[in-house]
Amino acid sequence: MTSFKSRLLFALITLIVLVLIGLGIIIGELVKSYYLNALHSRIEKEMNIVINQTEQEPSFSELRSELFDELSDVLETRIAILTEDSEIVYDSRVAISNIDHDQMMEEINDSLPDPSDGIIRFPADENNYYYISSVETGLENGYVVLAASFDNLEEVYRQIWLILIITLGAAMGMIIYVGARITNQYTKPIESATEVAIQLAKGNYKARTFEDRADETGMLSNAINILARNLQEMVSEQSVQQDRLRTLIENMGSGLIMIDKQGYIVLVNRPFLSFFHSQIEEVLNESYVDIFKNEQVHALAEEVFLTEQRVRRQILIDETFPQKHLEVYGAPIIGERSAWQGIVLVFHDISELKKLEQMRKDFVANVSHEVKTPITSIKGFTETLLDGAMNDKEALESFLHIIAKESDRLQMLIQDLLELSRVEQQGFKLSLRQVDLADILKDVSVMMEHKAGKKNANIQLDIQKPLMIEGDADRLKQVFINLLTNALTYSYPDQDIMIKSEKSTDEVKIKFIDQGIGMEKEELSRIFERFYRVDKARSRNSGGTGLGLAIVKHIIEVHKGDIQVESEPEKGTVFTITLPIKMN
């Protein structure tokens, strides 16, 4: 913008200088011409004085020389009087610069004017002039010649030009100053608007210009500010939309990848990178042919490219651990005017659904298996009795004891299934009140003394008193009975069971410690599953249904607590229950 201002000032100054120079030349010439014409007019008046004086003389031979000498001195001119025959009858002989007077007189004699021509002017040079006019004295005709020298004409011209230069210089300075102020006044809004436009081009949409004028520059500033505000709103809205879209894409839970029409990956989100254990630098702007090592994904992408149709397919990713089941949805990206832009693939992780489906299948199979065994036993022994064994009193009593035992087992299984279903229901509620875990644990240990006595074991309590929390006493007692039963069941004879407590500001920890058969590390993550048994034969013989720990886990979770297990083979097991002192 400074360059524009400089160019404008330079053009304005050049124009002003040219105009002032031309005006000065014209004024100078006019003044010079006016001054020269004034001199000529004065000389012509002096010429008339000399003519009048000459005509008053009686004749050319009787001219009074002293009178004309006086006139020559007063008028500072050289006066010469000639007869009609060009004879000089009077000459004042006053020096006229360095002009050759005789030569000038010869030129004048060659072109004497008529009486009707009036006063004729002959320039000798730029500063000397001769004036000639006809005159009549008495009855004689002749001519009067005046020679005048304008020796101070150059000085006058210099003064005129000096005055013009000073005057026009001052005028030019004033005009340049005023022009610069006016130029600055009009270019400043343009400079401000240009600077704002540059800032807008750089992406600074907060830039604004001043709106302090009501003319065209003010309208320009107003239009620039309106444009800046509109751009700021558009960019802000676009930024919000982009942030929302980016947040949605990154946190949608499903993997997403976009491939352009050349087959290069242009967009990918974090879940996709997590599914395939990749880094964004390894995937972005790479060909999908090089990225998709899984043949099923590769084939699905090619199918979408070839058919331009939506494709949905379930695939198994076995390159990762653990294996993932994914539902892949592929669709073409069609832009405006049916322009082909590429494809998009969305990967939904259905591993949990597959796991739940498998758990449902396992649950049905386990329930069927668990129910089948007692029913088969009952049916078998019943048929045996009906075939004639009932007549044998000893066999009848033995078979009826077995049938009763299997019936109890079947009843226990059904009760545990109903209990588990009740606990897992969405609307399951606890009867909350302030309970003392120390009292509950003491009651449970008393209840289990008979079973512990069969193994010659003791139940040792190392607990603080009181252990007050907010909870359901009956459900917590059910948990403690189940854990203590498991501890006694899987312990060796003559080994005590330890129950310890730890209390902090907002939670209580209860540990059930036994020194029994223990468990392998890979079994720890499954012991809370339905019907899972570490030692299936021994568990079944002990009357367990395999649902106890599942019920325990759900009851603890409903209490907003947590249950953890630590175990090593032949070294025992530790179940740790963490319960909040007050539930939200």
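- Taking each heavy atom of I497 and S491 in turn, the nearest pair found is CD1-OG, 3.3 Å.
- In this structure, NZ on K477 lies 13.0 Å from CG on L484, to the nearest 0.5 angstrom.
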Checking F512 against N486 for the side chain to side chain contact (heavy atoms under 4.5 Å, CB included) test, could you report, in this order, the C-alpha distance in whole Å, the side-chain angles of both residues, the deciding distance, and whether it holds? CA-CA 10 Å; F512 292 81; N486 283 347; over 6 Å; no
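- For the pair P569/E520, a side-chain contact is recorded, criterion being any heavy-atom separation below 4.5 Å from C-beta on.
- Taking CD of E327 as the reference point, atom CZ of R312 lies at 5.0 Å (rounded to 0.5 Å).
- In this structure, I581 CD1 and E507 CD are separated by 8.0 Å, a value rounded to the nearest 0.5 Å.
- At most 12 heavy atoms of other shown residues, nucleotides or ligands fall within 6.0 angstrom of atom OH in Y264.
- Not one N or O on the side chain of H325 forms a donor-acceptor pair closer than 3.5 Å with the backbone of L353.
- With values rounded to the nearest 0.5 angstrom, M447 atom CE is found 15.0 Å from K442 atom NZ.
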Only pairs under 3.5 Å count here: list side-chain donor-acceptor contacts from residues 459-467, not counting sequence neighbours, and write none if there are none.
| unit_1 | atom_1 | unit_2 | atom_2 | d |
| --- | --- | --- | --- | --- |
| Q460 | NE2 | D496 | OD2 | 2.9 |

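- Looking only at side-chain heavy atoms (C-beta outward), I556 and I577 come within less than 4.5 Å of each other.
- Remark: the backbone N or O of L488 is paired with a side-chain donor or acceptor of K455 at under 3.5 angstrom.
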Take T573 and I517 through the side chain to side chain contact (heavy atoms under 4.5 Å, CB included) test and state the conclusion after the steps. CA-CA 8 Å; T573 303; I517 63 175; over 6 Å; no
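- Residues Q279 and E282 form a side-chain contact, since some pair of their non-hydrogen atoms from C-beta on lies under 4.5 Å apart.
- Note that the CE atom of M448 and the OG1 atom of T485 stand 3.0 Å from one another [nearest 0.5 Å].
- Looking at L284 and V268, their side chains come closer than 4.5 Å, going by heavy atoms from C-beta outward.
- Between F480 and I440 the shortest side-chain heavy-atom distance falls below 4.5 Å.
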Check step by step if side chain to side chain contact (heavy atoms under 4.5 Å, CB included) holds for D514 and Q495. CA-CA 8 Å; D514 68 64; Q495 290 184 340; over 6 Å; no
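- For the pair D243 and R246, the salt-bridge criterion is met [side-chain N within less than 4.0 Å of a carboxylate O].
- Under the rule for a salt bridge (Lys or Arg N to Asp or Glu O under 4.0 Å), E233 has no partner lying at least two apart in sequence or in another chain.
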Decide side chain to side chain contact (heavy atoms under 4.5 Å, CB included) for Q341 and D260; before the verdict, give the C-alpha distance in whole Å, the side-chain angles of both, and the deciding distance to 0.1 Å. CA-CA 6 Å; Q341 296 183 353; D260 64 13; over 6 Å; no
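- Side-chain contact between H559 and D472: present, with at least one pair of heavy atoms (C-beta onward) separated by less than 4.5 Å.
- At a threshold of 4.5 Å between non-hydrogen side-chain atoms, the residues F575 and I563 count as touching.
- For NZ of K511, the number of neighbouring non-hydrogen atoms (other residues, nucleotides, ligands) closer than 6.0 Å is 12 at most.
- Taking each heavy atom of S567 and G572 in turn, the nearest pair found is OG-O, 3.1 Å.
- Taking the six-membered ring for Trp and thresholds of 30 and 60 degrees, F347 and F272 have ring planes inclined between 30 and 60 degrees apart.
- Enclosure of atom CZ in R310 is not indicated, since only 12 or fewer non-hydrogen atoms of other residues, nucleotides or ligands lie within 6.0 angstrom.
- Side-chain contact between I513 and K500 is present, with heavy atoms from C-beta onward closer than 4.5 Å.
- Taking both residues in full, the closest heavy atoms of L476 and G471 are given as CD1-CA, 4.5 Å, listed atom of the first, atom of the second, then distance.
- Not one N or O on the side chain of S501 forms a donor-acceptor pair closer than 3.5 Å with the backbone of I510.
- Every residue was checked against the side chain to side chain donor-acceptor pair (under 3.5 Å) condition with N269, not counting sequence neighbours, and none meets it.
- Minimum heavy-atom separation, L345 to A301: CD1-CB, 4.1 Å.
- Remark: E570 CD is packed, more than 12 non-hydrogen atoms of other residues, nucleotides or ligands lying under 6.0 Å away.
- Separation of atoms OH (Y288) and CD1 (I257) is listed at 11.0 Å; rounding is to 0.5 Å.
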